[in-house]
Amino acid sequence: MKLNSYCRIFYLSIILVFTNCASEDKPFIREDLINQENGSDDENTNEGDNTPLFEFSVSGTGIDYIKSTDPDTFLAIEYLGQFAKEIPGVEPTLDSNAYVFEASFTDGKKIGIWCRSNFETLQRATEYANKLTDKLGKLPVFMRDELSHVAVFSGASRASAEPDGKFFFISDKRIDDRLADNQLEETVFHETTHVYFEKRYGTSTTWKNAQNTDGIFVTEYAEDNPKVEDIPETAIFVYTMVKYPGRLSQNIENWVKENIPNRYEFLETFFED
């Protein structure tokens with residue numbers, strides 16, 4: 001009897017530990033759309049409660065919007081040397097010895113990739129510059145053409161866009177984190193969307209009217225930051241639906257078209273061939 005009791009307690013303890021571990025950092029996903037990952041074609045069951053689909057469009061969804069096998073226009077990368085460049089993410093912003101690369105694409109477009117000198121060696125800077133090249137080549141041409149350069153630094157996991165300077169910056173840790181989750185293409189897309197759309201349309205009457213008319217946001221992040229994050233958060237869904245119809249599950253496509261039709265229509269025109 002005593003042995004059986006000990007075994008039962010040990011078994012229950014293992015179950016409890018496993019349950020607690022499995023529940024940590026669980027992403028927010030709407031219960032009515034929980035089957036998006038297994039290809040369920042169930043109809044959208046949103047009842048008009050204005051609840052966003054996800055917390056974020058990229059992190060935590062498990063959706064591979066832009067696949068590593070999708071075609072890209074990257075052609076070659078060239079190391080130009082070490083120069084003084086402004087690279088946010090680590091103070092001071094001005095780095096007098098940044099490793100400077102230039103990526104070229106099949107249509108003649110060139111984008112700088114500036115790696116902060118805190119990478120310490122050319123070999124390591126080259127490694128991280130190369131991790132970005134094909135991701136830049138998968139961007140819609142009109143968005144990629146807006147980019148002047150990408151600034152990369154070694155440090156805490158961060159990524160942010162600078163629309164005024166027509167660039168975004170990203171850390172080595174964020175690159176590795178996103179690669180591990182198969183989401184680096186999506187992060188590059190998100191930040192470049194800021195660069196192209198934010199100043200042009202983020203506070204425009206057209207976009208604000210579309211927001212007000214739709215009355216709901218695709219993610220909580222967009223809802224909390226409607227002036228700067230709504231377009232990037234929405235655009236990744238619209239781009240995927242236009243460029244690769246059927247890649248998202250049918251219930252997600254239905255939700256987008258039924259709940260945010262005005263913003264879908266606005267962005268659709270940019271991504272059509």
Side-chain angles (χ1 to χ4, degrees), residues 27-30 32-33 36 44 46-66 138-140 142-144 146-147 158-170 174 178 183-245 247-249 251-272:
F28 165 80
I29 302 177
R30 279 185 54 136
D32 59 331
L33 295 168
Q36 64 88 12
N44 163 44
N46 173 50
E47 297 179 353
D49 59 359
N50 286 351
T51 304
L53 281 181
F54 301 106
E55 184 176 6
F56 301 101
S57 64
V58 176
S59 178
T61 65
I63 302 174
D64 194 8
Y65 304 88
I66 306 171
K138 288 180 172 62
L139 289 169
F142 75 93
M143 286 171 50
R144 189 203 62 201
E146 186 75 3
L147 271 181
R158 290 184 62 195
S160 185
E162 296 285 349
D164 286 334
K166 298 186 177 182
F167 74 96
F168 68 86
F169 65 90
I170 188 168
R174 178 60 59 90
R178 291 296 188 251
Q183 294 173 334
L184 185 54
E185 289 91 351
E186 288 79 3
T187 298
V188 169
F189 181 97
H190 179 100
E191 300 304 338
T192 308
T193 303
H194 276 294
V195 172
Y196 183 86
F197 284 97
E198 187 171 304
K199 293 183 70 65
R200 285 181 172 90
Y201 304 107
T203 58
S204 69
T205 300
T206 302
W207 184 254
K208 287 192 290 186
N209 286 342
Q211 284 179 326
N212 293 334
T213 303
D214 290 339
I216 189 171
F217 294 83
V218 70
T219 68
E220 291 182 354
Y221 190 42
E223 185 176 43
D224 292 341
N225 305 276
K227 293 182 179 179
V228 295
E229 295 297 346
D230 190 23
I231 291 182
E233 290 289 280
T234 306
I236 189 67
F237 290 92
V238 179
Y239 169 76
T240 307
M241 291 167 65
V242 172
K243 185 71 174 178
Y244 302 106
R247 181 168 288 183
L248 300 179
S249 65
N251 50 11
I252 290 181
E253 290 198 358
N254 289 347
W255 189 98
V256 169
K257 289 182 177 179
E258 291 172 8
N259 289 280
I260 53 170
N262 294 284
R263 277 168 288 176
Y264 177 88
E265 182 180 357
F266 175 88
L267 290 167
E268 180 185 28
T269 59
F270 291 94
F271 299 126
E272 291 175 331

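These numbers come from the heavy atoms of this one structure, side chains and all, not from hydrogens, waters or symmetry mates.
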- Message: In terms of relative ring orientation, are Phe266 and Phe270 parallel, tilted or perpendicular, with 30° and 60° separating the classes?
- Response: tilted

Shortest non-hydrogen contact from [X] to [Y]?
| X | Y | result |
| --- | --- | --- |
| Val58 | Thr61 | O-OG1, 3.3 Å |
| Lys138 | Glu185 | CD-CG, 3.9 Å |
| Tyr65 | Arg247 | O-NH1, 3.0 Å |
| Thr219 | Phe237 | CG2-CE1, 4.4 Å |
| Gln183 | Gly62 | NE2-N, 4.3 Å |
| Phe167 | Val195 | O-CG2, 3.6 Å |

Compare all side-chain heavy atoms of [X] with those of [Y] and state whether any distance is below 4.5 angstrom.
| X | Y | result |
| --- | --- | --- |
| Asn225 | Tyr221 | yes |
| Val256 | Thr234 | no |
| Tyr196 | Leu147 | no |
| Asp214 | Pro261 | yes |
| Val188 | Phe168 | yes |
| Glu272 | Val242 | yes |
| Ile252 | Ile63 | yes |
| Arg158 | Phe169 | yes |

Got a second to check how far [X]'s [atom1] is from [Y]'s [atom2], nearest 0.5 Å?
| X | Y | atom1 | atom2 | value |
| --- | --- | --- | --- | --- |
| Phe56 | His190 | CZ | NE2 | 10.0 Å |
| Trp207 | Ile231 | CH2 | CD1 | 5.0 Å |
| Thr193 | Ile236 | OG1 | CD1 | 7.0 Å |
| Phe54 | Ser59 | CZ | OG | 12.0 Å |
| Leu248 | Thr240 | CG | OG1 | 5.0 Å |

- Does anything in residues 193-209 pair up under salt bridge (Lys or Arg N to Asp or Glu O under 4.0 Å), and if so which pairs, sequence neighbours excluded?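 Every salt bridge (Lys or Arg N to Asp or Glu O under 4.0 Å) pair that includes a residue of residues 193-209, provided the two are not neighbours, is Glu146-Arg200, Asp164-Lys199.
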
- Task: Sorted by first residue and then second, give each salt bridge (Lys or Arg N to Asp or Glu O under 4.0 Å) pair with at least one member in residues 227-239; sequence neighbours left out.
- Result: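 For residues 227-239: Asp230-Arg263.
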
Side-chain ([X]) to main-chain ([Y]) donor-acceptor, under 3.5 angstrom:
| X | Y | value |
| --- | --- | --- |
| Glu223 | Phe217 | no |
| Glu186 | Ile66 | yes |
| Glu191 | Ala161 | yes |
| Gln211 | Pro226 | yes |

- Query: Is it the case that more than 12 heavy atoms not belonging to Lys166 sit under 6.0 Å from its NZ atom?
  - Reply: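 No - once you tally the heavy atoms of other residues, nucleotides and ligands closer than 6.0 Å, there are 12 at most.
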
- Message: Going by the rule ring pair (Phe, Tyr, Trp, His ring centres under 6.0 Å), which residues pair with Tyr239 if we only count those two or more places apart in sequence or in a different chain?
- Response: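 Tyr239 satisfies ring pair (Phe, Tyr, Trp, His ring centres under 6.0 Å) with Phe189, Phe271 once adjacent residues are dropped.
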
- Apply the test side-chain contact (heavy atoms from CB on, under 4.5 Å) to residues Leu184 and Ile170: give CA-CA distance (whole Å), side-chain angles for both, the deciding distance (0.1 Å), then the verdict. CA-CA 11 Å; Leu184 185 54; Ile170 188 168; 4.2 Å; yes

